[in-house]
2 protein chains.
Amino acid sequence: MEIQIKKIAAIIGEPIRSLVLWTLLDSRAYTSLELAIVAETSPQNMSMHLAKLLEANLLHVDKQGRHRYYRLASAEVAFAVEAISTLIPDIKRKNITDNNTDVTYCRTCYDHLAGKIGVLITESLVNKNFLQLKANNHYDITAEGELFFNSIDIDIENLRQKKRILAKTCLDWSERKYHLSGALGQALLDKMLHEDLIRKKKNSRAIIITHKGEIALRERFDLKL
Amino acid sequence: MEIQIKKIAAIIGEPIRSLVLWTLLDSRAYTSLELAIVAETSPQNMSMHLAKLLEANLLHVDKQGRHRYYRLASAEVAFAVEAISTLIPDIKRKNITDNNTDVTYCRTCYDHLAGKIGVLITESLVNKNFLQLKANNHYDITAEGELFFNSIDIDIENLRQKKRILAKTCLDWSERKYHLSGALGQALLDKMLHEDLIRKKKNSRAIIITHKGEIALRERFDLKL
DNA sequence: TTAATAGTTCAATCTGGAATTAACAATGGA
DNA sequence: TCCATTGTTAATTCCAGATTGAACTATTAA
């Protein structure tokens, strides 16, 4: 066990590799070259680092033609990176002072919505009895819920076909409450991005809520911001 | 921000330092020499590593005579180390197979009880209306609760005098539910150790429930194991 | 078929930071 | 007082692991 923790820590601890993990935290998949540019190093070097991250099962890679898209291997990895980021000096103070644009307010976690907004939306879905929290930290989608999601063009039946868990809780490090993850969490984020209710900020996991988004959040989830 | 994450990751990532953090996770304070022995390195070298951990605000040190007692600086640090430990290969499988003795079942988190037992006790306290979950993830101690804690020799009024937050939630990485932390969480752990209801395993955060403990858990918290 | 792009692999080098050596400060007991 | 113990600091050495350079494969487009 001690040897294991040393190994994993050493893998995460290398500056370039930690930056890669940090970069991938926005749920996007990046190519090797893109990551090399972000980390300001050579493609060969990045390739070596990515190989180590893959070997430690921290990353997952999709081959598509001559491209290879790297992304985090699991929510646990995202969780660990988030936890490490809370140790950055001054981050707490920052989070308190500049609200509404920072990552504690509205951000992505892995591939779904997190932060205050993510938690509020999830709570709203539960309050409206669209979701029910079950054992094992899974959510059941109620009959009403299925109607609701279909009404905003998220096909639950289609999501059920996927291998991935449909809806489960994910702990939020800033709010310390649950937010929605799983296939439904991802679908909801995709939908909101696609409808331009929210926009991803470049090189950050922070998310901006558009004016259109404010209205939709009020109408659909009773959230007034 | 990117530079910051690299720095913190590099501090945590060094094998000896990660082992120190891992060791301190059992909430005990260790001296420099003890840590050097655990990590199988020289006192000078350990001293250098401890200085770096201190400088990064990951550790806290108490001077007592010629001894210096090192412990984790905050629950955030414990949380990050726990999160990293979930990335160790096979840990999930292990946790499932050898139950009742491993750290997911019963362990300490920083300075209070965690794992399945920690969560169950907390839920029991809430169900019996001894604790009430409030906003900001704090617990209120009810009048009945105060009587209960006093009856098992935990002086709530005394705990109130302390600067520390009395009772708040702490997220459990294995159970993914809340358990009790804060001054009350610490007092409860101390009390249970002192009464020999539970015992700390050496070099581990795992905790053993004694026979006496089983009986007390059933009587006080309606927990049958 | 050729050229360009994306990405990896392997050997050779280089270097930051850990480990070592030595000296020193502070506490407490005899 | 002396000396053993705990612990730090400062200077030097050393090495694991990152970086670099060159050669290679695979895919796409012209």
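Remember, predicted model here, so these are calculated numbers, not experimental data. Numbered from 1 within each chain, the chains take letters A, B, ... in sequence-line order.
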Send over the distance from B/Tyr30 OH to D/dT6 C1', rounded to a whole Å. 18 Å

Could you tell me how far apart A/Lys6 (NZ) and D/dG17 (P) are, to the nearest whole angstrom? 12 Å

Separation of D/dT19 P from A/Glu40 CD (nearest whole Å): 12 Å

Starting at atom CD1 of A/Ile11, determine the distance to atom C1' of D/dA16, rounded to an integer number of angstrom. 14 Å

Give the rounded distance in Å between these two atoms: NZ of A/Lys63 and C1' of D/dA26. 9 Å

Do A/Arg160 and A/Glu146 meet the salt-bridge criterion of a basic N to acidic O distance under 4.0 Å? yes

How about CD on A/Gln161, more than 12 heavy atoms from neighbouring residues, nucleotides or ligands closer than 6.0 Å, or not? yes

Residue B/Lys212 excluded, over 12 heavy atoms near NZ under 6.0 Å: yes

Pair B/Arg220 + B/Glu195, salt bridge at N-O below 4.0 Å: yes

Below 4.0 Å: OP1/OP2 of D/dG17 and any side-chain N or O of A/His49: no

Using atom types as modelled, flag every donor-acceptor pair under 3.5 Å from a side chain in residues 184-191 of chain A to any protein atom, sequence neighbours excluded.
residue, atom, partner, partner atom, Å
A/Gln186, OE1, A/Arg164, NH1, 3.0
A/Lys191, NZ, A/Asp153, OD2, 3.4

Let me see the working for A/Leu53 and A/Val20 under side chain to side chain contact (heavy atoms under 4.5 Å, CB included), right down to the final yes or no. CA-CA 9 Å; A/Leu53 288 166; A/Val20 165; 4.0 Å; yes

Give the B/S/- string for nucleotides 3-17 of chain C, one per nucleotide from 5' to 3', where a protein heavy atom under 4.0 Å of the base yields B, of only the sugar-phosphate yields S, and otherwise -. -BBSSBB--------

